Amino acid sequence: MKVGLIGYPQTGKSSLYRAASRAQAKGDITAVPVPDPRFDAIVAQVHPKKITPATVMLHDDLEPTGTSGRAFSTKFLDSARRMEVFLHVVRCFESPMAPFHASIDPIRDQEAIEIEMVLTDLQIVESRLERLIKTQQARQSGSPEYNERMFCERVKPSLENGEALRLQEFNEVEETFVKNYQFLTTKPVVTCFNVSEDEAANPSDILKTRMDALNKRGTPVFSVCATLEEEVAQLPLEDQPEFLEAMGLSEPASNKVIQSVYDSMGLITFFTAGENETRAWPLRNGSNALKAAGTIHNDIAKGFIRAEVVHYSVYEQFGSLDAAYSAGKMTLEGKEYVIQDGDLLHIRNKS
């Protein structure tokens with residue numbers, strides 16, 4: 001679950017990176033816990049010896065856009081294609097250190113990166129089509145080359161119209177091409193407009209309008225003040241609420257950003273609650289109990305018998321797993337049971 005911070009130089013990417021890691025980052029790649037009050041409540045009740053939250057790997061090692069004299073350098077593209085999600089940080093504050101544009105124009109900057117991603121993918125498709133149409137195999141219906149040509153011809157008009165490929169649905173054959181080409185615009189994007197402290201709790205009307213437009217297009221978007229978020233991350237936990245309240249905020253915006261990044265990957269969370277270890281497990285939405293068992297350990301999946309399931313809402317109602325079990329609220333499910341976000345699992349297996 002690799003998340004790459006992208007954007008122009010001096011947009012506040014590193015400040016947001018440090019804030020999201022709660023000032024614990026060592027280097028430019030770090031595992032960031034996904035905020036989850038449900039997990040915190042389970043831990044507080046169970047008091048396990050070890051706790052393991054769900055995490056995402058945040059990468060602040062991608063080259064800033066535009067530093068090589070062109071929008072996307074080869075170095076940037078090599079790193080970006082290994083990412084699963086992009087966290088795009090856009091400058092909305094005055095800064096004499098920002099070299100890319102003298103004036104603040106977050107809409108221009110946000111659109112420019114998006115357009116460059118589309119153009120990069122279009123160049124790949126056009127280059128591949130140019131080679132394919134010269135081959136005999138690409139004219140033979142049903143051949144791999146023919147299918148690839150059909151795929152390229154289908155996505156080319158969308159890219160020419162400036163549309164990201166993440167907005168399209170692909171069949172199983174097409175998904176193979178998508179994976180092989182490592183298109184930038186198939187990857188989810190979460191946009192962060194990095195505002196000044198004065199706008200931390202109330203961004204401008206122009207920015208709000210832009211954020212509404214992006215949300216309607218399916219792009220998660222937030223306004224954050226990265227420098228403020230970094231200050232909050234450095235405070236003791238007990239002092240953070242008072243500081244946030246004074247700034248007109250209810251919680252760190254970086255928490256919402258990381259949760260949105262996690263959600264954009266199509267992930268849900270299930271839990272295992274034990275005295276030795278209580279853990280939050282990421283899982284693709286729609287996965288079954290056998291897949292969840294394999295996420296815990298391959299041997300558990302091989303010996304799968306049944307899954308004991310208590311949903312978090314039931315756990316919360318009764319206050320503990322023991323109480324939920326005693327009340328008859330645990331259900332036994334087979335391999336094909338589709339895991340729900342918030343399920344607490346215990347896998348019965350042959351061991």
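Every value quoted in this text rests on a predicted model; they were computed, and no experiment measured them. If you read the sequence from its start, that first residue is 1, and numbering goes on from there.
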(message) Assigning hydrophobic clusters by single linkage (Ile, Leu, Val, Met, Phe, Trp, Tyr; side-chain heavy-atom cutoff under 4.5 Å), is Val261 placed with Val224?
(response) yes
(message) Under 4.5 Å between side-chain heavy atoms, counting indirect links through other Ile/Leu/Val/Met/Phe/Trp/Tyr residues: same cluster for Val173 and Val155 or not?
(response) yes
(message) For Glu153, is there an ion pair with Arg149 - N to carboxylate O distance below 4.0 angstrom?
(response) yes
(message) To check you understand the geometry: which heavy-atom pair defines the closest contact between Leu184 and Ala80, and what is its length?
(response) CD2-CB, 4.0 Å
(request) Please determine, by modelled atom types, if Thr272 and Trp281 share a side-chain donor-acceptor pair under 3.5 angstrom. (result) yes
(request) Please write out which residues are connected to Ile206 in a hydrophobic cluster, directly or through intermediates, given that two of Ile, Leu, Val, Met, Phe, Trp, Tyr count as joined at side-chain heavy-atom separations below 4.5 angstrom. (result) Ile107
(request) Determine, step by step, whether Val56 and Val85 satisfy the side-chain contact (heavy atoms from CB on, under 4.5 Å) criterion, reporting the C-alpha distance in whole Å, the side-chain angles of both residues, the deciding distance to 0.1 Å, and the verdict. (result) CA-CA 10 Å; Val56 296; Val85 178; over 6 Å; no
(request) Under the salt bridge (charged side-chain N to carboxylate O under 4.0 Å, His left out) rule, what do Arg18 and Glu230 come out as? Steps first, then yes or no, please. (result) CA-CA 6 Å; Arg18 291 188 293 268; Glu230 189 176 3; 2.5 Å; yes
(message) Between His297 (side chain only) and Asp299 (backbone N and O only), is there a donor and an acceptor less than 3.5 Å apart?
(response) yes
(request) Using a 4.5 Å cut-off on heavy atoms from C-beta on, say whether the side chain of Ile124 contacts that of Gln182. (result) no
(request) Check the side chains of Glu229 and Ser254 for a donor-acceptor pair under 3.5 angstrom, ignoring hydrogens and angles. (result) yes
(request) Taking the side chain as every heavy atom from C-beta outward, state whether Ser250 and Leu244 have any pair of such atoms under 4.5 Å apart. (result) no
(request) Verify the cluster assignment for Val34 and Leu16: are they in a single hydrophobic cluster under the rule of side-chain heavy atoms below 4.5 Å apart? (result) yes
(request) Go through the side-chain N and O atoms of Glu63 and Ser79 and say whether any donor and acceptor fall under 3.5 Å apart. (result) no
Return all side-chain donor-acceptor pairs below 3.5 angstrom for residues 301-312, not counting sequence neighbours, or 'none' if the list is empty.
from	atom 1	to	atom 2	distance (Å)
Glu308	OE1	Tyr325	OH	2.6
Glu308	OE2	Arg348	NE	2.7
Glu308	OE2	Arg348	NH2	3.3
His311	ND1	Ser313	N	3.1
His311	ND1	Ser313	OG	3.1
His311	NE2	Asp341	O	2.8

(request) Look at the side-chain heavy atoms of Ile, Leu, Val, Met, Phe, Trp and Tyr, link any pair under 4.5 Å apart, and say whether Met150 and Val178 land in one connected group. (result) no
(request) Could you walk me through whether Met57 and Ile29 pass the side-chain contact (heavy atoms from CB on, under 4.5 Å) test, one step at a time? (result) CA-CA 7 Å; Met57 294 302 300; Ile29 302 173; 3.7 Å; yes
(message) Are Phe222 and Ser260 packed together at the side-chain level, in the sense that at least one heavy-atom pair is separated by less than 4.5 angstrom?
(response) yes
Can you give the donor-acceptor pairs under 3.5 Å from side chains of residues 40-49 to other protein atoms, not counting sequence neighbours?
from	atom 1	to	atom 2	distance (Å)
Gln45	OE1	Tyr315	OH	2.5
His47	NE2	Ala44	O	3.0

(request) Answer yes or no: is there a donor N or O on one side and an acceptor on the other, between the side chain of Asp121 and the main chain of Thr185, under 3.5 Å? (result) yes
(request) Please list, chain by chain and in numerical order, all residues satisfying ring pair (Phe, Tyr, Trp, His ring centres under 6.0 Å) with Tyr181, sequence neighbours excluded. (result) Phe183
(request) Could you pull out the closest heavy-atom pair between Leu228 and Ala200, with the gap in Å? (result) CD2-CB, 3.8 Å
(request) State, yes or no, whether a side-chain contact exists between Val32 and Leu58 at a heavy-atom distance under 4.5 Å. (result) yes
(message) On a heavy-atom basis, which atom in Glu84 and which in Pro188 lie closest, and how many Å separate them?
(response) O-CD, 3.2 Å
(message) Is the shortest side-chain heavy-atom distance between Asp36 and Phe271 below 4.5 Å?
(response) yes
(message) Ignoring hydrogens, what is the shortest heavy-atom contact between Asn349 and Ile300? Give both atom names and the distance.
(response) CB-O, 3.8 Å
(message) Is it true that, when you exclude Glu245 itself, more than 12 heavy atoms of the residues, nucleotides or ligands shown sit nearer than 6.0 Å to its CD?
(response) no
(request) Output yes when a side-chain donor or acceptor of Ser287 lies under 3.5 Å from a complementary backbone atom of Arg284, and no otherwise. (result) yes
(message) I'd like to know if the side chain of Glu175 pairs up with that of Asn171 as donor and acceptor (distance under 3.5 Å, no hydrogens or angles considered).
(response) no
(message) Any side-chain to backbone donor/acceptor pair from Asn288 onto Leu290? Under 3.5 Å, distance only.
(response) yes
(request) Would you name the heavy atoms of Leu249 and Ala201 that are closest together and state the gap between them? (result) CD2-CA, 3.8 Å
(request) Might you work through the side-chain contact (heavy atoms from CB on, under 4.5 Å) test for Tyr8 and Asp109, ending with a clear yes or no? (result) CA-CA 8 Å; Tyr8 292 118; Asp109 294 353; 3.8 Å; yes
(request) Check for a donor-acceptor pair, side chain of Thr120 on one end and backbone N or O of Glu116 on the other, with a separation under 3.5 Å. (result) yes
(request) Scan residues 207-222 for pairs that pass salt bridge (Lys or Arg N to Asp or Glu O under 4.0 Å), counting only residues two or more places apart or in two chains. (result) Glu111-Arg210, Glu114-Arg217
(message) Looking at Glu160 and Lys156, is any side-chain nitrogen of the basic one under 4.0 Å from a carboxylate oxygen of the acidic one?
(response) yes
(request) Assess whether side-chain hydrogen bond (donor to acceptor under 3.5 Å, both in side chains) is satisfied between Gln168 and Ser158, documenting all intermediate values. (result) CA-CA 9 Å; Gln168 297 193 27; Ser158 297; 2.7 Å; yes
(request) Could you tell me which non-hydrogen atom of Glu333 sits nearest to which non-hydrogen atom of Thr331, and how far apart they are? (result) OE2-OG1, 3.1 Å
(message) As a quick check of understanding, evaluate side-chain hydrogen bond (donor to acceptor under 3.5 Å, both in side chains) for Asp263 and Gln259, giving each step before the final call.
(response) CA-CA 6 Å; Asp263 293 342; Gln259 182 64 59; 2.9 Å; yes
(request) For residues Glu145 and Leu132, determine if any side-chain heavy atom of one lies less than 4.5 Å from a side-chain heavy atom of the other. (result) yes
(request) For the pair Asp343 (side chain) and Gln340 (backbone), establish whether a donor and an acceptor sit closer than 3.5 Å, ignoring hydrogens and angles. (result) yes
(message) Test your reading of the model: is there a side-chain donor-acceptor pair from Ser326 to the backbone of Asp322, 3.5 Å cut-off?
(response) yes
(request) Classify the side-chain pair Gln110/Thr191 by whether it contains a donor and acceptor separated by less than 3.5 Å. (result) no
(message) When you measure from the side chain of Tyr262 to the backbone of Ile268, do you find a donor-acceptor pair of N or O atoms at a distance under 3.5 Å?
(response) yes
(message) Donor-acceptor check, side chain of Thr11 to backbone of Gly7, threshold 3.5 angstrom: yes or no?
(response) no
(request) Could you identify which residues cluster with Leu207, counting Ile, Leu, Val, Met, Phe, Trp and Tyr as linked when any side-chain heavy atoms lie under 4.5 Å apart, either directly or through a chain of such contacts? (result) Val90, Phe193, Val195, Met211, Leu214, Val221
(request) Go through Val189 and Ile6 one step at a time and tell me if the side-chain contact (heavy atoms from CB on, under 4.5 Å) criterion holds. (result) CA-CA 10 Å; Val189 177; Ile6 63 171; 5.6 Å; no
(message) When you measure from the side chain of Asp239 to the backbone of Leu235, do you find a donor-acceptor pair of N or O atoms at a distance under 3.5 Å?
(response) no
(message) Distance check, rounded to the nearest 0.5 Å: Glu199 atom CD versus Cys225 atom SG?
(response) 10.0 Å
(request) Could you check if a side-chain atom of Leu344 sits within less than 4.5 angstrom of a side-chain atom of Phe270, using non-hydrogen atoms only? (result) no
(request) Using a 4.5 Å cut-off on heavy atoms from C-beta on, say whether the side chain of Val89 contacts that of Tyr17. (result) no
(request) Take Glu148 and Arg154, measure what salt bridge (charged side-chain N to carboxylate O under 4.0 Å, His left out) needs, and give me the verdict at the end. (result) CA-CA 10 Å; Glu148 186 177 5; Arg154 182 167 91 78; over 6 Å; no
(message) I'd like to know if Val118 and Phe170 are part of one continuous hydrophobic network [Ile/Leu/Val/Met/Phe/Trp/Tyr, side-chain heavy atoms within less than 4.5 Å].
(response) yes
